[in-house]
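Please read the structure below before turning to the comments.
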Amino acid sequence: MSDRQVEISIDGNDVTVNEGATLLDACREHNIETPTLCYLENLTPVNACRVCVVELEGSRTLVPACSRQAEPGMKIQTDSERVRHSRKLVLELLASSVDMSLANDEIQGFMKRYDAEPEKFGKTAPASAEGERDRRRTGHHHAPDGATAETVAQPVKIHDEMYVRDYSRCILCYKCVEACGVDAQNSFAISAAGRGFDARISTEFNTRLDDSACVYCGNCIGVCPTGALMFKPEHDHREAGTWDEASQSVTRTVCSYCGVGCNLELRVQDNEIVRVTSPTDHDVTDGHLCIKGRFGWQFVQNR
Amino acid sequence: MDLHWMDASPTEDERAAVDTLLGRADASDKPGEPLEEHVIRGGREAAENKRHLLLPTLHAVQGEIGWISAGALNYVCRRLTVPPAEAYGVATFYALLSTEKRPKRIAHVCDDIACKLKGADALCNELEATLEPDTWHRSPCLGQCERGPAVLFQLAGEEDRTLTAADADAIRSGLEGGADRPEPKPSTPQTQGSREEGLRLLRRVGVCDPTSLDDYREHGGYVSLRRAVSIGADAILREVKDSGIRGRGGAAFPMGIKWDAVAKAPATPHYIVCNADESEPGTFKDRVLMEEDPFAIVEAMTIAGFATGSQRGFLYIRGEYPLAKKRLQNAIDVATRRGFLGADVMGSSFRFDIEIRCGAGAYICGEETALFNSIEGFRGEPRNKPPFPTQVGLFGKPTVVNNVETLVNVLDIVGDGGPAFAALGSKDSTGPKLFCLSGNVERPGLYEVPFGTTLRELLDKSGATDNIQAVLLGGAAGTFLGPDELDIALTFEGTREVGASLGSGVVMVFDEHADMTGTLLRVAAFFRDESCGQCVPCRVGTVRVEEALQRMARSNGNGAADTALIDELALVMKDASICGLGHTAASAIQSALARNLLTTKDSDS
Ligand SMILES: Cc1cc2nc3c(=O)[nH]c(=O)nc-3n(C[C@H](O)[C@H](O)[C@H](O)COP(=O)(O)O)c2cc1C
Ligand code: SF4
Ligand code: SF4
Ligand code: SF4
Ligand code: FES
Ligand code: FES
């Protein structure tokens with residue numbers, strides 16, 4: 001990284017940032033809270049969600065803070081009426097079509113901050129049948145009924161003891177695809193398929209994960225912000241109503257399977273390990289693990 | 001890359017379809033060999049070099065077999081070293097590719113806005129009652145709007161075919177393998193009867209054999225390239241700048257600036273891309289040029305290559321244009337054989353080659369960066385800009401991307417000089433312009449007029465009825481105008497003044513009997529279907545706009561609130577979407593609502 005500096009103006013204040021920094025870096029450095037959904041430090045920006053947009057003087061449209069580099073003399077507004085409108089609408093559009101009830105606290109916070117009212121688009125349409133969204137014909141859809149708002153609701157996919165995919169909760173942030181691909185795992189087991197509102201995360205021909213290239217590293221679960229991808233024990237607890245964050249403890253340890261030295265965070269409820277993650281700022285893992293660190297405890301626990 | 005393969009094998013026919021395009025596989029690809037043991041040669045670099053063959057290979061399978069099975073996809077992926085999940089993501093992006101088994105003959109019947117005015121709804125109702133449901137599908141605009149209802153037959157093992165002025169009998173007979181109808185005449189009324197004087201873009205249409213290079217040369221062909229080679233790249237760039245020409249693909253960007261930037265770009269190689277995706281509903285101008293004057297496009301691309309230091313050109317044509325594709329391929333082949341393309345263009349030792357790439361049913365792939373992704377073998381999702389294509393374009397290299405019509409103008413700019421070109425039209429909109437007239441007009445078709453002609457003059461030329469309810473200007477991403485707005489000058493600046501745009505040159509006329517509600521619902525459905533789905537404002541916004549419009553049409557709820565909701569949605573789409581599709585997806589609908597063109601159930605009664 002260069003040590004040259006760039007001067008820009010944020011909300012009327014002149015600030016200096018490193019050359020090559022994005023507008024998001026600049027905002028964060030100056031304590032301006034900026035919502036993000038598809039951005040993660042350890043993944044290449046896809047700038048797809050558009051919740052991070054800011055107003056850039058001289059630009060016809062708003063620009064995504066997460067991927068736009070700061071250029072000398074840029075003047076941006078982070079809380080103008082246009083910015084608030086777009087952020088609010090993006091959150092409303094998502095929450096009206098996706099089940100965000102398990103989205104992380106940060107996202108719940110954005111919803112409050114922008115007064116998102118997803119109900120305004122009307123009563124939600126019934127969930128689609130199993131597999132129906134995976135087979136939609138590209139470029140075609142049934143006309144809306146004039147009474148309900150379409151959603152991505154669909155039956156949850158459970159095919160093994162490790163891993164649950166509940167795409168009713170998927171906001172299509174592409175994080176899992178990136179984590180599975182060049183950004184971490186290099187397995188390329190999943191990709192976006194279909195188009196438009198019928199776009200979805202899928203394996204080839206929607207095969208089960210255990211028939212796909214998946215190696216069960218769990219990295220996609222680690223990055224999923226909405227609970228669409230979940231460890232099976234966590235899912236089971238939630239289904240049974242026994243998921244109890246208050247009683248859980250988190251223990252840091254180092255994975256003992258090999259000599260790489262990956263940091264692990266074990267989330268424990270009633271002496272049972274219910275989730276394993278790795279800190280995104282840990283320089284060995286960048287937040288990513290392999291099947292042994294991620295799921296090895298299942299065997300440790302002798303279940 | 002260490003890839004995992006599905007447990008599915010290709011049939012002999014599927015394998016042959018792929019091998020015809022890619023050549024025979026090497027020994028390690030023998031049928032019967034366990035897939036897991038397959039070794040990939042060449043590593044990552046070889047994989048990247050082959051990825052751009054993904055869409056052509058999927059086309060080859062679809063074209064021969066009629067659908068893409070798991071076994072076929074697996075084989076394609078192995079040959080090209082592409083992860084199957086990604087290839088599936090690409091295949092399911094396109095409406096003309098099917099990953100489910102379906103009949104070998106399929107009719108795509110256009111029920112889009114211009115064909116609706118020609119009875120497409122009644123036709124579809126009749127087909128619904130008489131045909132097997134999986135033998136035909138409704139289709140967005142097929143680019144034959146002046147002679148609808150239009151049909152594309154997708155035929156496995158045969159060339160695809162277009163049917164115009166279709167009726168149910170002709171569709172049935174087409175599905176059964178019935179006889180071809182004769183090719184209809186070019187839809188350019190100004191070239192028929194007493195031919196209009198002074199036509200430029202249409203000068204060869206109807207008088208020159210589009211398959212003959214000799215005929216092309218007899219009608220002025222390759223004079224411009226000869227001049228280009230003799231004056232040199234810098235002089236060409238100056239002429240293009242002096243001409244003041246702006247792009248005809250929708251964004252109206254000055255061509256001179258684009259060419260200059262690529263010519264000067266330090267990164268190499270440079271590429272030329274001709275954007276022939278033409279999928280904006282109501283647009284058919286590029287099709288007519290490609291079908292009737294294909295050598296002109298080849299010549300113009302060659303000049304672009306010469307001026308910007310590019311040796312390779314790609315022509316990306318929508319998959320629904322089989323005749324245009326055939327004529328262009330012929331033109332490229334003949335030009336190469338005769339030394340107008342290839343290693344030594346016209347003896348100048350300049351090398352230039354052109355490759356045709358075919359879309360597969362995705363309007364969004366006309367967006368320039370989506371188009372690059374499509375050629376490169378990825379999903380046709382637009383990229384964030386900046387960086388712009390002149391710096392980071394096709395394969396990440398400096399790229400000129402221009403519309404077909406824009407490029408054809410280069411022949412006159414180089415032939416007569418930039419200032420002569422600029423003398424035609426208005427100050428900010430120079431040169432001639434093509435307009436696609438369809439709907440309730442007596443003589444629909446392609447018209448060439450100088451910029452600055454008024455909309456009324458153009459309507460008079462084409463014999464529009466006097467009881468006009470509305471005119472759609474610029475396409476589905478354009479603006480509806482009312483009968484009191486027909487005196488606007490057709491220039492970039494003149495239309496901007498009234499909040500409209502020329503878009504891709506669509507002028508679609510709706511008389512007082514036209515079903516505007518059905519039209520608006522079709523426009524909303526179009527954008528919902530064609531959104532790439534990448535960004536939230538457009539992916540979900542287009543769904544919510546269509547729902548609100550449906551509520552309004554059925555008088556289900558509060559019309560004023562739904563209008564306000566559409567305005568809110570339009571704003572976030574315009575402000576926060578990644579690309580032009582989202583930016584303009586609600587504009588036509590908003591313009592129609594502002595002019596009270598929606599008839600609701602209440603107002604009907
Ligand atoms: C959704 C969308 C579809 C487009 N489709 C086309 C098209 O089919 N043909 C075209 O020339 N330009 C199309 N464009 C515009 C291109 O992105 C680009 O601006 C154009 O090809 C540049 O050529 P020009 O400068 O000669 O107009 C489209 C843009 C968008 C946003
Ligand atoms: S578990 Fe790992 S390999 Fe499997 S889909 Fe997730 S990221 Fe890819
Ligand atoms: S499954 Fe999760 S990580 Fe993947 S796209 Fe959906 S929300 Fe994002
Ligand atoms: S605006 Fe629509 S078409 Fe364009 S990138 Fe976003 S989702 Fe895709
Ligand atoms: S966080 Fe910037 S676009 Fe999603
Ligand atoms: S071909 Fe049917 S609307 Fe264009």
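Letters go in sequence order (proteins before strands), and every chain restarts at 1.
For B:I578, the parts lying near chain A are the backbone and the side chain together; criterion is any non-hydrogen pair under 4.5 Å. Looking at A:V90, both its backbone and its side chain come within 4.5 Å of chain B, counting heavy atoms on both sides. When heavy atoms are compared at a cutoff of 4.5 Å, A:D211 approaches chain B solely by way of its backbone atoms N, CA, C and O. Looking at A:I190, only its backbone comes within 4.5 Å of chain B, counting heavy atoms on both sides. Residue A:T148 touches chain B through its backbone alone, counting heavy-atom pairs closer than 4.5 Å. Using a 4.5 Å cut-off between heavy atoms, A:P45 makes no contact with chain B at all. Within the 4.5 angstrom heavy-atom criterion, only side-chain atoms of B:E100, from C-beta onward, approach chain A. At a 4.5 Å heavy-atom cutoff, A:L37 makes no contact with chain B through either its backbone or its side chain. Contacts of A:A189 with chain B are made by backbone atoms alone, with heavy-atom separations under 4.5 Å and no side-chain atom involved. Heavy-atom distances place no part of A:R87 under 4.5 Å from chain B, backbone and side chain included. Only the side chain of A:S67 comes within contact range of chain B, with heavy atoms under 4.5 Å apart.
Residues A:T61 and B:D575 come closest through the heavy atom pair CB-O, 3.6 Å. Residues A:G194 and B:R379 share a closest heavy-atom pair of O-NH2, 2.9 Å. When all heavy atoms of A:V46 and B:Q534 are compared, the closest pair comes out as O-OE1, 4.4 Å. In terms of heavy-atom proximity, B:A576 sits nearest to A:S86 at CB-OG, 3.7 Å. Residue A:R195 comes nearest to B:Y94 through the heavy atom pair NH1-CA, 4.2 Å, listed as atom of the first residue, atom of the second, then distance. When every heavy atom of B:T92 is checked against every heavy atom of A:T138, the shortest pair comes out as O-OG1, 2.6 Å.
Most heavy-atom pairs under 4.5 Å with chain A: of the set B:A524, B:A362, B:S531, this distinction falls to B:S531. If you tally non-hydrogen atom pairs under 4.5 Å between each of A:C49, A:S97, A:A213, A:A192 and chain B, the highest count goes to A:A192. Contact count against chain A (heavy-atom pairs under 4.5 Å) is highest for B:T99 among B:L97, B:I364, B:V90, B:T99. Of the listed residues (A:C214, A:C180, A:S191), the greatest number of heavy-atom pairs within a distance under 4.5 Å of chain B belongs to A:S191. Contact tally against chain A (heavy-atom pairs below 4.5 Å) for B:G541, B:A87, B:G89: the top residue is B:G89. Per-residue heavy-atom pair counts under 4.5 Å with chain A were compared for B:S577, B:S139, B:G380, B:A91, and the maximum is reached by B:S577. Heavy-atom pairs under 4.5 Å with chain A peak, among B:P537, B:C77, B:A561, at B:P537. When the candidates A:S202, A:C173, A:S96 are compared by the number of heavy-atom contacts under 4.5 Å with chain B, A:S96 comes out ahead. Taking chain B as the reference chain and counting heavy-atom pairs below 4.5 Å, the highest number among A:G122, A:A199, A:A149, A:P64 is found for A:A149. Counting heavy-atom pairs under 4.5 Å between each of B:Q550, B:R383, B:R544, B:E86 and chain A puts B:R544 at the top.
One N or O on the side chain of B:R554 and one on the backbone of A:D145 form a donor-acceptor pair closer than 3.5 Å. In this structure, A:H85 contributes its side chain and B:E568 its backbone to a donor-acceptor pair below 3.5 Å.
Remark: B:C535 SG to A:L172 CG distance equals 11.5 Å, nearest 0.5 Å. Separation of atoms OH (B:Y88) and OG (A:S212) is listed at 13.0 Å; rounding is to 0.5 Å. To the nearest 0.5 angstrom, B:L569 atom CG is 5.0 Å from A:F121 atom CZ.
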**Prompt:** Taking it one step at a time, do A:R137 and B:H137 satisfy side-chain hydrogen bond (donor to acceptor under 3.5 Å, both in side chains)?
**Reply:** CA-CA 10 Å; A:R137 195 145 40 78; B:H137 300 306; 3.1 Å; yes
**Message:** I'd like to know whether B:D529 forms a side-chain hydrogen bond (donor to acceptor under 3.5 Å, both in side chains) with A:H141, so could you lay out the CA-CA distance, the side-chain angles of the two residues, the decisive distance to 0.1 Å, and finally the verdict.
**Reply:** CA-CA 7 Å; B:D529 280 336; A:H141 70 281; 2.7 Å; yes
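Counting non-hydrogen atoms of neighbouring residues, nucleotides and ligands closer than 6.0 angstrom, the NZ atom of A:K120 exceeds 12 such neighbours. Within 6.0 Å of atom NZ in A:K75, 12 or fewer heavy atoms from other residues, nucleotides or ligands are found, so the atom counts as exposed in its surroundings. Atom CD of A:Q108 has more than 12 heavy atoms from other residues, nucleotides or ligands within 6.0 Å.
Looking at A:E150 and B:R528, a side-chain N of the basic residue comes within less than 4.0 Å of a carboxylate O on the acidic one, giving a salt bridge.
By the 4.5 Å heavy-atom criterion applied to side chains, A:F197 and B:E546 are not counted as neighbours. Within the 4.5 Å cutoff, the side chain of A:F205 has heavy atoms near those of the B:L73 side chain. Counting heavy atoms from C-beta outward, B:K574 and A:R60 have side chains that stay 4.5 Å or more apart.
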